[in-house]
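What follows is one structure encoded as structure tokens, with my remarks underneath.
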Amino acid sequence: MKRSLTIFLVFVLVIFSVSCGNKPTPAKEKGPVTIATMIDSEGAILGNMMILMLEKNNFKINDKTEFGTPDILRKALVSGEVDLVLDYTGSGQYYHTVSNTDDWSDAKKGYELTKKLDKEANNIIWLEPANANNTESLAVTKDFSDKNKIKTMQDLAAYVNSEGKIKLITSSSFSENIKGLRGLETAYGFKLSGDQLVTLASGNTAEMLKALSEGKDGINVSLVYGTDGSLDKMNLVVLSDPKSIPPVYLPTPVLRGAIYEKYPEIESILKPVFLSLTIEKLRSLNSKVAFDGKAAKAVAKEYLTSEGFLK
């Protein structure tokens with residue numbers, strides 16, 4: 001009897017040890033990583049995509065999406081206050097001084113130049129960008145376009161030079177930039193005076209396009225971005241720019257070198273997501289937040305699930 005009991009206890013212990021040995025070891029949590037974006041729908045959506053993908057891969061995240069204006073976001077990244085941001089390749093023109101800024105009007109050259117300069121100067125790493133040019137353009141309402149036969153930057157220049165009534169709402173950075181309004185004026189041969197401009201400190205085009213659609217203070221031209229959700233909903237004409245003056249702005253995950261060295265897998269986690277994005281997809285996603293009132297995180301999760309990145 002004692003022998004049978006002993007055998008039974010040994011059997012139980014063996015089964016218990018085997019079952020314990022088969023228990024999956026919990027994945028080690030990584031981070032924390034602080035993710036921040038600018039104050040706009042696209043930043044909030046893409047920032048939340050980065051958060052969801054890294055959380056899926058056991059990263060602890062500090063969420064600082066919609067953190068601030070471009071200059072505030074950049075300072076926070078350089079100082080180490082935040083670790084991973086959503087930025088745009090063409091913004092390299094503001095961060096570094098070079099003799100020739102034309103490279104930023106080319107998607108590949110602009111990306112490679114920004115990546116190289118930021119790595120050398122700040123140990124900041126630019127990952128794989130989305131192939132969706134969020135470039136700066138000027139837009140008018142369809143009624144204004146039809147009435148004045150304005151569809152291109154040449155048409156707008158001719159209208160200005162014939163003393164047509166015009167008021168442009170834009171950001172201060174675009175109005176002062178040689179690759180922005182100043183570059184357009186030089187390339188197409190027109191000049192806007194101070195009383196023909198309404199300049200805002202931020203680049204939030206939602207506010208600009210609202211003023212354009214309402215004709216507020218005589219505004220009939222607005223700065224617009226290539227992936228604006230407004231373009232899916234509002235009756236606007238984006239003026240073509242055959243000379244490609246403003247730079248190419250590809251949305252890109254950008255992170256501090258110290259974080260990249262510690263967690264190089266972040267690159268492979270985010271790369272397929274950004275490669276899946278197109279200008280049409282971003283317009284649609286932005287529209288869901290800006291016009292349909294959906295939460296950015298819900299829109300991000302819905303997209304990642306539909307594309308097979310999340311279950």
Side-chain angles (χ1 to χ4, degrees), residues 37-50 52-53 65-66 70 85-91 105 107 110-111 128-145 151-153 169-171 174 180 202-214 221-242 244-253 270 272-309:
T37 68
M38 299 173 202
I39 307 172
D40 63 348
S41 61
E42 186 160 293
I45 293 165
L46 295 182
N48 273 289
M49 285 188 192
M50 293 193 289
L52 289 165
M53 290 302 295
T65 50
E66 301 181 82
V85 305
L86 189 281
D87 206 339
Y88 295 84
T89 54
S91 297
S105 293
Y111 166 65
E128 188 74 29
N131 185 24
N133 186 8
N134 195 21
T135 193
E136 298 154 321
S137 301
L138 299 184
V140 298
T141 64
K142 190 172 186 305
D143 287 345
F144 181 83
S145 172
K151 296 185 182 298
T152 69
M153 284 305 306
I169 186 167
T170 182
S171 66
F174 181 77
S202 79
N204 186 352
T205 54
E207 183 178 352
M208 300 178 201
L209 293 173
K210 185 174 186 293
L212 173 64
S213 66
E214 295 173 353
V221 186
S222 175
L223 174 66
V224 67
Y225 300 130
T227 59
D228 266 333
S230 310
L231 301 178
D232 268 4
K233 298 286 187 178
M234 298 175 71
N235 206 14
L236 302 178
V237 174
V238 178
L239 305 182
S240 64
D241 169 27
S244 299
I245 302 303
V248 174
Y249 287 91
L250 305 180
T252 311
L270 299 182
V273 173
F274 277 77
L275 286 177
S276 75
L277 295 165
T278 64
I279 194 166
E280 293 80 13
K281 287 179 180 179
L282 277 177
R283 282 180 183 172
S284 175
L285 293 172
N286 287 329
S287 177
K288 289 178 181 180
V289 173
F291 284 89
D292 298 342
K294 291 187 176 180
K297 188 163 190 174
V299 171
K301 187 173 183 180
E302 180 183 83
Y303 176 80
L304 293 174
T305 304
S306 68
E307 294 286 325
F309 297 114

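This one's a predicted model, so the numbers in the text were calculated from it and none came from an experiment.
S213 places a side-chain N or O within 3.5 Å of a backbone atom of L209 that can act as its donor or acceptor partner. Of the possible donor and acceptor atoms, one in the side chain of K281 sits under 3.5 Å from a partner among the backbone N and O of S276. Although no hydrogens or angles enter the test, the distance criterion places no donor-acceptor pair under 3.5 Å between the side chain of T141 and the main chain of L236. Checking side-chain atoms of N286 against main-chain N and O of E42 turns up a donor-acceptor pair under 3.5 Å.
Interatomic distance, CG of N131 versus CG of L250, reported as 6.5 Å (0.5 Å rounding). Note: T37 OG1 to E66 CD = 6.0 Å, rounded to the nearest 0.5 Å. Expressed to the nearest 0.5 Å, how far CG of N133 lies from OG1 of T278 amounts to 12.5 Å. Annotation: the span from S171 atom OG to Y225 atom OH amounts to 5.0 Å, rounded to 0.5 Å. In this structure, CG in L138 is found 12.5 Å from CD1 in I169, a value given to the nearest 0.5 Å. Interatomic distance, OG of S244 versus CE of M153, reported as 12.0 Å (0.5 Å rounding).
Residues M49 and L285 have side chains in contact (heavy-atom distance under 4.5 Å, counting atoms from C-beta outward). A 4.5 Å side-chain heavy-atom check between L277 and Y303 finds at least one atom pair inside the cut-off. V248 is not listed as a side-chain neighbour of T135, based on a closest heavy-atom distance of 4.5 Å or more. F274 is listed as a side-chain neighbour of L86, based on a closest heavy-atom distance under 4.5 Å. Within the 4.5 Å cutoff, the side chain of P247 has no heavy atoms near those of the Y88 side chain. V224 is not listed as a side-chain neighbour of L212, based on a closest heavy-atom distance of 4.5 Å or more.
Contact detail for I245 and G180: the closest heavy-atom pair is CG2-O, 4.3 Å. Scanning both residues, S105 and P246, for their nearest heavy atoms gives OG-O, 4.0 Å. The two residues K151 and V237 have their closest heavy-atom pair at CA-CG1, 4.5 Å. When every heavy atom of R283 is checked against every heavy atom of G226, the shortest pair comes out as NE-O, 2.7 Å.
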Exercise for the section: Could you check E128 against L270 for side chain to side chain contact (heavy atoms under 4.5 Å, CB included), going step by step and ending with a plain yes or no? Expected result: CA-CA 8 Å; E128 188 74 29; L270 299 182; over 6 Å; no

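Inspection of the Y249 and T227 side chains reveals no N or O donor paired with an N or O acceptor under 3.5 Å.
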Please tabulate, one pair per line, all N/O donor-acceptor pairs under 3.5 Å involving side-chain atoms of residues 289-301, not counting sequence neighbours.
none

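Within a 6.0 Å radius of CD in E207, no more than 12 heavy atoms belonging to other residues, nucleotides or ligands are found.
A search for side-chain contact (heavy atoms from CB on, under 4.5 Å) contacts involving S240 returns T152, P242, not counting sequence neighbours.
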